[in-house]
**Q** 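Quick one: the structure is below, questions incoming.
Computed from a prediction, not measured in an experiment: that's the story for all the values here. Throughout, protein chains are lettered first and strands after them, A, B, ... in sequence-line order, and every chain is numbered starting at 1.
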Amino acid sequence: MDKEDELPKNFIQQQIVEDLAEGKNGGRVHTRFPPEPNGYLHIGHAKSICLNFGTAKKFGGLTNLRFDDTNPTKEDTEYVDSIMEDVRWLGFDWDDRLFYASDYFDKLYDFAVALIKRGKAYVDFQSQEVISDQKGVPTRPGTDSPYRNTTPEENLEIFAKMKAGFYNEGDCVLRAKVDMASPNMHMRDPLMYRILKQPHHRTGDKWCIYPMYDYAHGQCDYWEGITHSICTLEFEVHRPLYDWFVEELKDSDYRPRQIEFSRLNISYTVMSKRRLLQLVKENYVKGWDDPRMPTICGLRRRGYTPESMRAFSDMVGITKVDGVTDVAVLEYCIREDLNKRAQRVMGVLDPLKVVITNYPEGQVEEIDAVNNPEDESMGKRKVPFSRELYIEREDFMETPTNKFYRLSPGREVRLRYSYFIKCSEVIKNEQGEITELHCTYDPDTKGGNSPDGRKVKATLHWVAVAQAVKAEVRLYDRLFTDPDPAGHKDKDLLEFLNPDSLQVLSECYVEPFVKNAKPLDNFQFERLGYFNIDPDSTADKMVFNRTVSLKDGYKK
RNA sequence: UGACCCGUGGUGUAAUUGGCAACACAACUGAUUUUGGUUCAGUAGAGUCCAAGUUCGAACCUUGGCGGGUCAACCA
């Protein structure tokens, strides 16, 4: 174990410590991350990735990446590629240990043949409905299939014909002969193979029979030497079957062990692939990488860093309790990371023009600004200042309330890094809307301090009109209005869709410093929040995403 | 009317495995601050789902309740 962190952090690591103490599996620790390539990874997968890779690393072990591709009807290389990209982006590496369940199709077939020979598997020609009926219900035992006692010789012949494509989809399945009276439904002669006359993204047309998850997973673990097969809680009742197949397969003392933990839920969003797919397919969002999505690619585009996601994963912990983590924890993690690292810049989202009436026309000053007060090594930059500026519209209030201490008529505030200004006149249009502010500046306050020790209560961000970069800024809010949108049995989650989850601001102005930035670069827009450059950005039109706002201590 | 799993502040976890219920997020107060950010100091909030038992001592062990989840896909 790592020296700096010797104690096991969660119940899984405690169990590993026990396994090691008992001398199991020659002291090896080997985990795997086994996604099905049927969708994009989400932050729940990130938790699992961190757990699997992190745990193995802690014990000096290894982690495999294995695609669980046993169902060609739902899988695609598009997903394979995105999954590999996401795992790498999170900062993990499987080296040369990239596997596919489909790598084992031949071995799985051979093993099935062996089980048939042992009288432990049989082909069933009954319909899906009949098989389902015979399984019974949890409270009553099932009844045997009439095919249960077909001889191994006959089964061998039929199974070979299944493989050869002699039968059609749905004609028959291969089942394991386990226990039709088991209180665990998964043990009532589970299906091992079904016929699917579908090409597979890796094996093409070679197979028309495909193994079921339960028949494939434990064996793949076994063949890869996995010691701890970590999965989510819903597989708990599969564990006896996992063990049953492994017991039939084993040729030594080595045993992979399945351990379950609770899947991640985050408030105000959904985490199941099915529901995320629905949001994409029905255009409630703009794609898997929509910044509102809890997918890894969505969060990446939103501006989340790998570090913040690993920190989050660490912070939520590993248990078997199924609960909902407050999205505020995620937001805390990205704020904490970006506070230390993000380049500061000034940007105005809702511009209100300010004319400094006593500032010389045509003059431009280059003002020194600190790049990151948390990190002196990031240095300084120049920000242009001139007579016409934009400030944030909400930083002015014509008749200020008690707690408002920004700009108002007659009141003096500081423009960050530059001068004190005082509002002398409010210009309005015929509708009575404020269009412009006239202010005066105090030349003696250059840099932001008054030689006479005069104090101001507020410091505002600003940009110079002539030099500002016009940009589109996309503000995101939670996708759903309910903390647990999928948790209502009587209501569809679409009822809770937040109609205002995306707000596009097309006339924002940012200081020129951002012009050289690349897509996904993170910034803090001072006093507003963290923003990054969306890949939609072009040379002509910059587009920013608000990753998360700054914490706001201002109570209206 | 089954099997398996889970119940600790609002939320997520912890409690050196039977010994003072701790940490983080969120909330609130104050200080600092050229970001109403950050930082710092502090406050409040659970007596561990309930009951009984074992024990000098129980969040932890036992039994019984109660509540929640999962399982009856030719999905994973």
Side-chain angles (χ1 to χ4, degrees), chain A residues 7 9-10 14 34-36 38-39 68-71 73-75 101 124 127-128 131-133 135-142 169-175 182-188 191-196 209-210 212-214 216-217 231-240 260 262 264-265 267 273-274 315-333 335-336 339-340 344 346 369-370 373-374 403-406 413-418 420 445 447-449 455-461 483 524-529 549-555:
Chain A
L7 286 175
K9 281 194 309 195
N10 55 56
Q14 283 169 22
E36 183 188 14
N38 69 342
D68 220 332
D69 55 351
T70 57
N71 184 359
T73 65
K74 291 164 71 179
E75 296 152 6
D124 197 323
S127 71
Q128 197 172 152
I131 289 176
S132 172
D133 283 350
K135 278 191 182 172
V137 292
T139 52
R140 279 196 312 275
E169 283 187 21
D171 281 358
C172 55
V173 291
L174 185 72
R175 299 175 71 180
S182 171
N184 182 339
M185 297 299 288
H186 295 277
M187 301 299 270
R188 321 248 262 225
L191 271 63
M192 293 165 57
Y193 275 95
R194 77 289 214 190
I195 297 170
L196 254 23
I209 57 170
Y210 291 92
M212 302 289 291
Y213 167 85
D214 283 315
H217 204 93
C231 61
T232 46
L233 242 31
E234 66 269 27
F235 292 102
E236 210 151 24
V237 285
H238 295 239
R239 196 188 330 136
E260 310 85 9
S262 56
L264 175 68
N265 294 300
S267 58
K273 270 190 198 170
R274 200 192 91 232
M315 205 174 273
V316 296
I318 303 294
T319 63
K320 303 181 78 155
V321 184
D322 100 276
V324 181
T325 296
D326 194 332
V327 67
V329 179
L330 220 206
E331 293 176 345
Y332 167 80
C333 289
R335 283 192 189 106
E336 185 181 56
N339 176 50
K340 284 180 286 196
R344 267 58 166 179
M346 291 193 284
V370 173
E374 305 294 315
K403 287 184 175 166
F404 185 88
Y405 47 86
R406 278 109 95 149
V413 297
R414 171 166 42 230
L415 292 181
R416 180 137 231 225
Y417 298 127
S418 51
F420 284 12
T445 57
N449 278 310
K455 298 282 183 223
V456 290
K457 285 199 86 175
T459 301
L460 310 187
H461 60 278
Q524 184 194 102
F525 287 9
E526 294 217 34
R527 303 209 306 132
L528 294 177
S549 66
L550 250 31
K551 274 181 75 178
D552 191 358
Y554 172 45
K555 303 278 181 311

**Q** Toward the 5' end of RNA chain B, which comes first, A:V237 or A:R527, by nearest nucleotide?
**A**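 This one resolves to A:R527.
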
**Q** How would you label the contact of A:K340 with the nucleic acid (heavy atoms, under 4.0 Å): base, sugar-phosphate, or nothing?
**A** nothing

**Q** State the syn/anti category of B:rG67 according to its glycosidic angle, syn meaning within 90° of 0.
**A**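 B:rG67: anti.
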
**Q** Round to a whole Å and report the spacing from CE of A:M212 to P of B:rA76.
**A**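 Roughly 5 Å, once rounded to whole Å.
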
**Q** Kindly assign one of parallel, tilted or perpendicular to the pair A:H238 and A:Y213, based on the angle between their ring planes and the thresholds 30° and 60°.
**A**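 Because their plane-to-plane angle is over 60°, the rings of A:H238 and A:Y213 count as perpendicular.
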
**Q** Could you pick out which residue, A:H186 or A:I131, lies toward the 5' side of RNA chain B when each is mapped onto its nearest nucleotide?
**A**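 Checking each residue's closest nucleotide, the 5'-ward one belongs to A:H186.
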
**Q** Using purine N1 to pyrimidine N3 plus N6-O4 or O6-N4 for Watson-Crick, or N1-O2 and O6-N3 for G-U wobble, both under 3.5 Å, which nucleotide pairs with B:rU17?
**A** none

**Q** Between B:rA22 and B:rA44, how far is it from one P atom to the other, in whole Å?
**A** 13 Å

**Q** Looking at B:rA76, does its base get a donor-acceptor pair with the side chain of A:H238 below 3.5 Å?
**A** yes

**Q** Rounded to whole angstrom units, what separation is found between the CG atom of A:L550 and the C1' atom of B:rU38?
**A**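 Computing the A:L550:CG to B:rU38:C1' distance gives 9 Å.
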
**Q** Syn or anti for B:rU17? Use the chi torsion, O4'-C1'-N9-C4 for purines and O4'-C1'-N1-C2 for pyrimidines, with syn inside 90° of 0.
**A**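 Base orientation: syn.
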
**Q** What's the gap between B:rG12 and B:rA51 when it is taken at their P atoms, as a whole Å value?
**A**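 Roughly 23 Å separates the two P atoms.
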
**Q** Partner of B:rA44 by Watson-Crick or G-U wobble geometry, both contacts under 3.5 Å, or none?
**A** none

**Q** Starting from C1' on B:rU11, measure out to CG on A:L330 and report it in whole angstrom.
**A** 14 Å

**Q** Quick one: which of A:L330, A:L264, A:N265 gives a side-chain contact (heavy atoms from CB on, under 4.5 Å) with A:T325?
**A** A:L264

**Q** Respond yes when some side-chain nitrogen or oxygen of A:Y213 is under 4.0 Å from OP1 or OP2 of B:rC75, and no when none is.
**A** no

**Q** Scan every strand shown for a Watson-Crick or G-U wobble partner of B:rC25, both distances under 3.5 Å, and answer none if you come up empty.
**A**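 B:rG10 is the nucleotide pairing with B:rC25.
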
**Q** What about A:R335: does its side chain form a donor-acceptor pair under 3.5 Å with the base of B:rG37?
**A** no

**Q** For the pair made of CD in A:E526 and C1' in B:rU33, what is the distance, rounded to whole Å?
**A** 12 Å

**Q** Look through every strand shown and name the nucleotide pairing with B:rU62 as Watson-Crick or G-U wobble, where both distances are under 3.5 Å.
**A**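 Pairing partner: B:rA52.
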
**Q** Is the distance from OP1 or OP2 of B:rU13 to the nearest side-chain N or O of A:T319 less than 4.0 Å?
**A**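 True: A:T319 side-chain N/O within range (under 4.0 Å) of B:rU13 OP1/OP2.
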
**Q** Tell me whether the side-chain N or O atoms of A:R344 pair up with the base of B:rU35 as donor and acceptor below 3.5 Å, since no angle test is needed here.
**A**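 Counting by modelled atom types and ignoring angles, a donor-acceptor contact under 3.5 Å is found here.
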
**Q** Is there a side-chain polar atom (N or O) of A:S132 under 4.0 Å from OP1 or OP2 of B:rA73?
**A**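 Yes, A:S132 has a side-chain N/O under 4.0 Å of OP1/OP2 on B:rA73.
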
**Q** Given side-chain contact (heavy atoms from CB on, under 4.5 Å), test A:D68 with A:E75 step by step and report yes or no.
**A** CA-CA 9 Å; A:D68 220 332; A:E75 296 152 6; over 6 Å; no

**Q** Rounded to the nearest angstrom, tell me the gap between atom CG in A:D322 and atom C1' in B:rU8.
**A**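 Taking CG of A:D322 and C1' of B:rU8, I get 16 Å after rounding.
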
**Q** Is any side-chain N or O of A:R414 closer than 4.0 Å to OP1 or OP2 of B:rU35?
**A**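 So the side chain of A:R414 is outside the cut-off, no N or O lying under 4.0 Å from OP1 or OP2 of B:rU35.
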
**Q** Report the distance from atom CE of A:M346 to atom C1' of B:rG37, rounded to the nearest whole Å.
**A** 15 Å

**Q** Below 3.5 Å, does any donor atom in the side chain of A:Q524 face an acceptor in the base of B:rU35, or the other way round?
**A** yes

**Q** Taking the C1' atom of each, how far is B:rU16 from B:rC23, in whole Å?
**A**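 Result for the C1' pair: 15 Å, nearest Å.
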
**Q** Could you tell me the separation between the CD atom of A:E336 and the C1' atom of B:rU38, rounded to a whole number of Å?
**A**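 Atom CD in A:E336 sits about 11 Å away from atom C1' in B:rU38.
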
**Q** Determine the contact category for A:F235: base if any of its heavy atoms lies under 4.0 Å from a base atom, sugar-phosphate if only primed atoms, P, OP1 or OP2 are that close, otherwise nothing.
**A** base

**Q** Between B:rU17 and B:rC60, how far apart are the P atoms? Round to whole Å, please.
**A** 16 Å

**Q** Give A:V456 one of three labels, base, sugar-phosphate or nothing, depending on what nucleic acid heavy atoms sit under 4.0 Å from its own.
**A** nothing

**Q** Need one value for A:R406: base, sugar-phosphate or nothing, where a base atom within 4.0 Å counts as base even if backbone is also close, heavy atoms only.
**A**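 Base, at least one base heavy atom under 4.0 Å.
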
**Q** Remember a base hit wins even if backbone is also touched, and classify A:F404 as base, sugar-phosphate or nothing at under 4.0 Å, heavy atoms.
**A**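 Touches a base.
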
**Q** Whole angstrom is fine here: how far is it from CG in A:N339 over to C1' in B:rU38?
**A**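 It is 5 Å, rounded to the nearest whole Å.
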
**Q** Verify side-chain contact (heavy atoms from CB on, under 4.5 Å) between A:V173 and A:M212, making sure each step is shown before the conclusion.
**A** CA-CA 10 Å; A:V173 291; A:M212 302 289 291; over 6 Å; no

**Q** Any donor-acceptor pair under 3.5 Å between the side chain of A:E236 and the base of B:rG69?
**A**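 For A:E236, whose side chain was compared with the base of B:rG69, there is no donor-acceptor pair (under 3.5 Å).
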
**Q** Ignoring backbone atoms, establish whether A:T70 has a side-chain N or O less than 4.0 Å from OP1 or OP2 of B:rA76.
**A** yes

**Q** May I ask you to say whether A:E236 pairs ionically with A:K320, meaning some side-chain N is under 4.0 Å from a carboxylate O?
**A** yes

**Q** With both distances kept under 3.5 Å, what pairs with B:rC4, Watson-Crick or G-U wobble?
**A** B:rG69

**Q** Paired with B:rG36: which nucleotide, if any, by Watson-Crick or G-U wobble criteria at under 3.5 Å for both distances?
**A**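 Across all strands, not a single nucleotide pairs with B:rG36.
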
**Q** Should A:R416 be listed as having a side-chain N or O under 4.0 Å from OP1 or OP2 of B:rG36?
**A** no

